[in-house]
Amino acid sequence: MARILITSALPYINGVKHLGNLAGSMLPADVYARFQRLRGHDVLYICATDEHGTPAELAAASSDMDVRAYCDEQHDIQKRAGDGFSLSYDYFGRTSNAPNIELTQHFAAVLEEKGLIEERVEHQVFSIDDDRFLPDRYVEGTCPHCGFERARGDQCDNCGRLLEPTDLKEPYSKISGSKNLEVRETAHLHLIQTKMEGKIRAWVDASTEWPSLAKSIAYKWLDEGLRDRSITRDLKWGVPVAKDGVARPGFETKVFYVWFDAPIGYIGATWEWAEANNGDWESWWRTDKGADDVTYVQFMGKDNVAFHTVSFPATILGSEEPWKSVDKLKAFNWLTWYGGKFSTSENRGVFMDQALDILPGDYWRWYLTANAPEGSDSAFTWDHFQSLINKDLADVLGNYVNRVLRFNKSRFEAVVPAGGEWGEHEDWLAGEMDARLKSAAENFEAMEFRKAAGDVRAIWALGNEYLTRAEPWTKFKTDPDAAAIGVRTALNFMTVMAKIAQPVIPNAAATILDALGIAEDERAWPQGEAKTLLTALPTGQSVEPPEVLFKKIEEADIEAWSERFGGAEG
RNA sequence: GGCGAGGUAGCUCAGCUGGUUAGAGCGCACGACUCAUAAUCGUGAGGUCGAGAGUUCAAGUCUCUCCCUCGCCA
């Protein structure tokens, strides 16, 4: 039994995430976590909301709420959305909670001891009327490049260029609108990443289990040269720049920048998990305390790769403490909305809460896994969604379950029938099943989710093929025993179909396994002799058809949803 | 403008270190079956693998040039 630590990129606290975010980190991490649990491994799946930074403060302000209260509310909303999609986090923590604050301050102290953090004086915009500095998005003004009048302090939304707050012309405070601003000098802590370059490159070189997307991004950053970066901001909301509860002199009104504390949140959330479950977080994160046998797997969108392959490692490796660093890293491209971006303001795309409003989580889980943006960006379209759901879930899987159980109910009184002999059709099924099961397991293991879903679907299809060969409905007329072996094998195979479906569509799979009377502790990934697997159900066991597993998506649904969320015309 | 990822059947995509008639699912056509959510099973038609040139006995698969799409950054 292996120990596998899994983290998903942390969703930012600012609002419910859209399907692209789900598809690119939380969902595949969950599918992988579920698969590895079914294989009998000791899995710890950790996620958290990333709560610091100016977007959270500004969103809170515009909702007229205290930041903490805003984050409390948003955290609950995201937790519920995750529950709706059956995301099986062992813990869904918060970067604003105590463990992460302590860890962030710890890392800062250690890095400073190692000479990797320095105080440097910067020029920042200060608002006299607001009596505070205006970092990042707290100041807006005219873009010096394109003349856009409402460029933000960190970036111009019009031309896309990155800016420094002091670059803006005609700057004004986002808080009060005051133009009574001046540039003042203030000290900030800087992480000296330039000193870490060689160490990080060596670590990347040694990381053999990263896909090419991750490696190429990491090397791109290293080749361009790392920059020393400011890791503090003039804000109230964030991890205080303090040590042992005492603020660093001159930093009383400053906090660590979200960029620095967010990835530490993986560790912080594990600590939260430990506190809530009487667990030992250090055995997952400290190689001197038991984590040396842990395999750490990270899931993220491609925009996050640099932070996970360079920035966060700078913190981890720079500390020279025995922290666990990532072993396998799975990066996703974008799920697009008809080839373009998801956009709240332009009514393009479905957000997690809206998706659940329309259909249960399993429908989305299947689509987003079978159509995962792995090799390249992949486009969501309603037609494609309808096609996958109706064909794969309703017709191939759902109809199989229904046809077998209903036939069994009408001919064999809804119990697993006895009688009949194992024969050539059953041999055929066993052989096909073996080959496909092996392939499916390999693809899940390799985190090739599209291929894994293809294997799962192919195994479902095997059931229907088998029935065509065994044709119990014909045999029943002349030889009920010959029909019985067909139905019995079909029922046994249904247990396999459902077990392998568990990582992707856990709820529907549970419904099937419940109907078949499979105990909770007998639902592991199918392993062993095919014939044994196909003869496991005790004859006489009651098996009742469940409610329709998957409702088909009608044309009228597609029209209504296209209208509501945008579609081809967008 | 630089960098990155791509351009493979109508659609969505597979095709590792170059090697027999380029694959899958959907869609389409035809056939079979009737237990089932008008579901299922089988067969088939469809591609000069973005364009051009080169390397090689042999190239979606390597090299160069060009065109187009998406993203990141100037």
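Heavy atoms only: backbone and side chains are in, while hydrogens, waters and symmetry mates are out. Throughout, a chain's letter reflects where its sequence line sits, starting with A, and its residues are numbered from 1. Bear in mind that the values here come from a model prediction, so they are computed numbers and not experimental data.
Straight-line distance from the NZ atom of Lys477(A) to the P atom of rC33(B): 11 Å, rounded to whole Å. Going from atom CZ of Arg469(A) over to atom C1' of rC33(B) covers 15 Å, rounded to whole Å. Rounded to whole Å, atom C1' of rU34(B) lies 16 Å from atom NZ of Lys475(A). Glu374(A) has its CD atom 16 Å from the P atom of rC16(B), to the nearest Å. We find that NE2 of His384(A) is positioned 16 Å from P of rG10(B), with the value rounded to whole Å. Asn333(A) places its CG atom 11 Å from the P atom of rA5(B), with the value rounded to the nearest Å. Distance CH2 (Trp334(A)) to P (rG4(B)): 18 Å, rounded to an integer number of Å. The CD atom of Gln386(A) sits 14 Å away from the C1' atom of rC11(B) (whole-angstrom rounding).
rG60(B): glycosidic angle within 90° of 0, hence syn. A syn base is found at rG46(B): its glycosidic angle is within 90° of 0.
Sequence order on RNA chain B of the closest nucleotides to Arg411(A) and Leu388(A) puts Leu388(A) first from the 5' end.
For Trp366(A) and Trp460(A), the ring centers are positioned less than 6.0 Å apart.
The aromatic rings of Phe332(A) and Phe449(A) sit parallel, their planes meeting at an angle under 30°, below the 60° perpendicular limit. Between His384(A) and Tyr367(A), the two ring planes are perpendicular [angle over 60°; tilted spans 30° to 60°]. Between Phe385(A) and Trp382(A), the ring-plane angle classifies as perpendicular under the 30° and 60° cut-offs.
For Tyr400(A) (side chain) and Ala490(A) (main-chain N/O), a donor-acceptor pair under 3.5 Å exists by modelled atom type. Looking at Asp50(A), its side chain never comes within 3.5 Å of a backbone N or O of Pro11(A) through a donor-acceptor pair.
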Fill in: salt bridge (charged side-chain N to carboxylate O under 4.0 Å, His left out) evaluation trace for Arg365(A) with Asp30(A)
CA-CA 10 Å; Arg365(A) 290 177 64 107; Asp30(A) 185 70; 2.7 Å; yes

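With Phe412(A) as the aromatic partner, Lys409(A) does not meet the cation-pi criteria of under 6.0 angstrom to the ring centre and within 45 degrees of the ring axis.
In this structure Asn443(A) satisfies the side chain to side chain donor-acceptor pair (under 3.5 Å) test together with Asp455(A), sequence neighbours excluded.
For the C1' atoms, the distance linking rC33(B) with rC41(B) amounts to 8 Å, nearest Å. Taking atom C1' on both nucleotides, rC49(B) is separated from rA24(B) by 16 Å, rounded to a whole Å. Distance check on atom C1': rA36(B) versus rG23(B) gives 31 Å, rounded to whole Å. If you take atom P in rA51(B) and the same atom in rG42(B), they sit 34 Å apart, rounded to whole Å. For rG50(B) and rU69(B), the C1' atoms lie 11 Å apart once the distance is rounded to whole Å. rU61(B) and rG15(B) are spaced 15 Å apart, taking the P atom of each and rounding to whole Å. With C1' as the reference atom, rC67(B) and rG25(B) are 31 Å apart, rounded to whole Å. Nucleotides rA38(B) and rG27(B) have their P atoms positioned 15 Å apart, rounded to a whole Å.
Ion pairing between Glu374(A) and Lys451(A) fails under the 4.0 Å rule for side-chain N and carboxylate O. Note on Glu471(A) versus Lys475(A): no salt bridge recorded, every NZ/NE/NH1/NH2 to OD/OE distance being 4.0 Å or above. For the pair Lys551(A) and Asp557(A), the salt-bridge criterion is not met [side-chain N within less than 4.0 Å of a carboxylate O]. Of the charged side-chain nitrogens involved, none lies within less than 4.0 Å of a carboxylate oxygen, so that Asp427(A) and Lys531(A) do not count as a salt-bridged pair.
When only modelled atom types and interatomic distance are considered, His190(A) and Glu122(A) share a side-chain donor-acceptor pair under 3.5 Å.
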Discussion item. Each nucleotide in nucleotides 37-45 of chain B should get exactly one letter: B, S or -. Can you fill that in based on protein heavy atoms under 4.0 Å?
Written reply: B-SSSS---

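A heavy-atom distance below 4.0 Å to RNA chain B is reached by these residues of residues 429-451 of chain A, ordered by number: Arg450(A), Lys451(A). Annotation: proximity of residues 479-504 of chain A to RNA chain B (heavy atom, distance under 4.0 Å) is found for no residue.
Applying the salt bridge (Lys or Arg N to Asp or Glu O under 4.0 Å) test to pairs two or more places apart or on separate chains, those with a residue in residues 391-408 of chain A are Asp392(A)-Arg457(A), Asp395(A)-Lys552(A).
Helical stems in RNA chain B, defined as runs of 3 or more consecutive Watson-Crick or G-U wobble pairs with both donor-acceptor distances under 3.5 Å, are listed by first residue as B:1-7 with B:67-73, B:10-13 with B:23-26, B:28-32 with B:40-44, B:50-54 with B:62-66.
Centre separation under 5.5 Å together with a plane angle under 30° holds for the ring of Trp473(A) and the six-membered base ring of rC35(B), marking them as stacked.
Contact annotation for Thr336(A): no contact, since no heavy-atom pair falls under 4.0 Å across all strands.
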